[in-house]
Amino acid sequence: METTEVKSPYQVDERGYYGTFGGAYIPEMLYPNVEELRRNYLSIIADPSFQREFRDLLTDYVGRPTPLFYASRLSEVYNTKIYLKREDLCHTGAHKVNNTIGQILVAKRLGKKRIVAETGAGQHGVATATVCALMGLECIVYMGSIDMERQKPNVDRMRMLGASVVPATSGSQTLKDATNEAMRHWINNPVDTHYVIGSVVGPHPYPDMVARFQSVISEEVRKQLLEKTGQSNPDYVIACVGGGSNAAGAFYHYLDEPSVQLIAAEAAGQGLTTGHSAATTALGKPGILHGSSTILMQTEDGQVVEPYSISAGLDYPGIGPLHAHLFASGRGKFYSITDNEALEAAFELSRLEGIIPALESSHALACIPKLKARPDEVTVICLSGRGDKDLAAYTVHLPK
Ligand SMILES: Cc1ncc(COP(=O)(O)O)c(C=O)c1O
């Protein structure tokens with residue numbers, strides 16, 4: 001994570017906006033918490049002792065740098081050069097832990113004693129529970145009751161790590177509802193609690209803070225690609241977008257490199273026209289969700305549409321404001337990937353490379369055939385997590 005201020009049209013401005021998206025649309029009761037964070041996050045992150053602790057934990061606890069793996073058999077099938085950034089090899093099995101370590105170190109410096117979080121696939125919940133155990137902090141995780149069923153291994157892991165997992169039973173009982181309830185919890189416990197948001201969503205400064213913590217992904221890719229190919233820029237970077245934190249991290253150091261095409265994979269669920277989808281940019285329009293102005297799926301009169309995806313981590317009706325800006329400005333290209341396309345991509349990677357990806361990451365992999373990259377072009381795919389948590393879903397669909 002670099003703390004030098006590189007101002008670009010794709011970085012947050014002083015008011016907390018990416019173009020016309022972002023800001024902090026919050027109830028009055030949350031204002032003191034969010035404002036405390038906004039005033040302090042940049043100076044805390046820039047502090048050398050913070051940087052030392054953060055970097056040491058990323059190295060010794062998370063296992064960074066994660067490898068950049070040349071997927072030779074996959075490359076052969078698509079007649080192009082494909083590298084996988086192995087965030088699945090992070091401690092706890094996904095990129096989420098990069099952010100939870102950063103935020104919990106910030107929370108400790110702000111004197112907070114309790115941590116509240118929301119989770120969809122359970123990876124952010126597990127990462128938060130893990131770091132709370134490491135640092136001796138109380139941890140409460142809200143999770144949609146449907147997600148608790150479909151990601152049961154992660155519920156068990158969180159409980160084993162000492163966290164309280166609270167079911168969110170409203171709405172579609174998925175990530176959006178867990179986020180609503182975690183925010184409500186924070187409103188009721190404003191003084192001693194920090195809310196660790198798990199993606200580049202929420203009111204300013206969360207999207208920027210989370211993107212900075214996740215930017216270690218593209219920081220490493222640049223160095224690793226230079227070592228392996230003699231060039232630090234690939235032609236394409238692909239990442240899935242739920243809220244968009246692994247994508248923000250994978251894109252971060254390439255935002256101002258126009259030769260690098262930024263490709264985002266959204267969950268089309270059962271298909272864009274089926275009414276069972278979570279493809280925000282394809283189906284949504286500008287509005288306010290979870291404290292920021294962004295693009296979200298909504299009805300004619302502005303009610304949030306219940307999303308659907310086989311992948312709990314992508315089952316969200318919005319995207320972070322950075323991604324709304326990348327979409328609206330044309331800097332990023334967004335693909336809608338169906339459940340079936342993601343499943344096929346997961347089976348293909350498992351059998352060609354011996355790597356079982358998370359369902360979320362499989363959406364990024366499913367973009368490969370759509371790109372039609374040339375043989376000499378280099379694509380980096382952010383493999384955001386491992387697939388152990390999704391085995392039950394994979395088993396049902398396993399090809400004979
Ligand atoms: C493995 C994995 N990848 C991706 C995501 C989506 O989150 P984001 O878009 O913030 O990276 C999740 C969310 O739970 C996840 O578990």
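In what follows, every heavy atom counts, from backbone to side chain, and hydrogens, waters and symmetry copies are set aside. Sequential numbering from 1 along the given sequence is applied to the chain's residues. As the structure lists them, so they are numbered: ligands from 1, and atoms in each ligand from 1.
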Measure from every N or O atom of ligand 1 to the protein's N or O atoms and keep only the pairs below 3.5 Å, writing each with atom names and distance to 0.1 Å.
| residue | atom | partner | partner atom | Å |
| --- | --- | --- | --- | --- |
| ligand 1 | 3 (N) | S384 | OG | 2.7 |
| ligand 1 | 7 (O) | K96 | NZ | 3.0 |
| ligand 1 | 9 (O) | G242 | N | 2.8 |
| ligand 1 | 9 (O) | G243 | N | 3.3 |
| ligand 1 | 9 (O) | G244 | N | 2.7 |
| ligand 1 | 9 (O) | S245 | N | 3.4 |
| ligand 1 | 10 (O) | K96 | NZ | 3.1 |
| ligand 1 | 10 (O) | S199 | OG | 2.6 |
| ligand 1 | 10 (O) | G244 | N | 3.4 |
| ligand 1 | 10 (O) | S245 | N | 2.8 |
| ligand 1 | 10 (O) | S245 | OG | 2.7 |
| ligand 1 | 11 (O) | H95 | NE2 | 2.9 |
| ligand 1 | 11 (O) | S245 | N | 3.4 |
| ligand 1 | 11 (O) | S245 | OG | 3.2 |
| ligand 1 | 11 (O) | N246 | N | 2.9 |
| ligand 1 | 11 (O) | N246 | ND2 | 2.8 |

When the side chains of residues 128-140 are checked against the rest of the protein, which donor-acceptor pairs come out under 3.5 Å, sequence neighbours left out?
| residue | atom | partner | partner atom | Å |
| --- | --- | --- | --- | --- |
| T128 | OG1 | H124 | O | 2.7 |
| T130 | OG1 | V126 | O | 2.6 |
| E138 | OE1 | R114 | NE | 3.3 |

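The side-chain contact (heavy atoms from CB on, under 4.5 Å) search around S49 returns D47, R52, R109, not counting sequence neighbours. In this structure K96 satisfies the side-chain hydrogen bond (donor to acceptor under 3.5 Å, both in side chains) test with no other residue, sequence neighbours excluded.
For the 3.5 Å distance criterion, the side chains of S384 and E87 fail to qualify, holding no donor opposite an acceptor.
Checked for salt-bridge contact, K176 and E118 miss the test: no charged N lies under 4.0 Å from a carboxylate O. By the 4.0 Å N-to-carboxylate-O rule, E377 lies close enough to R374 to be salt-bridged with it.
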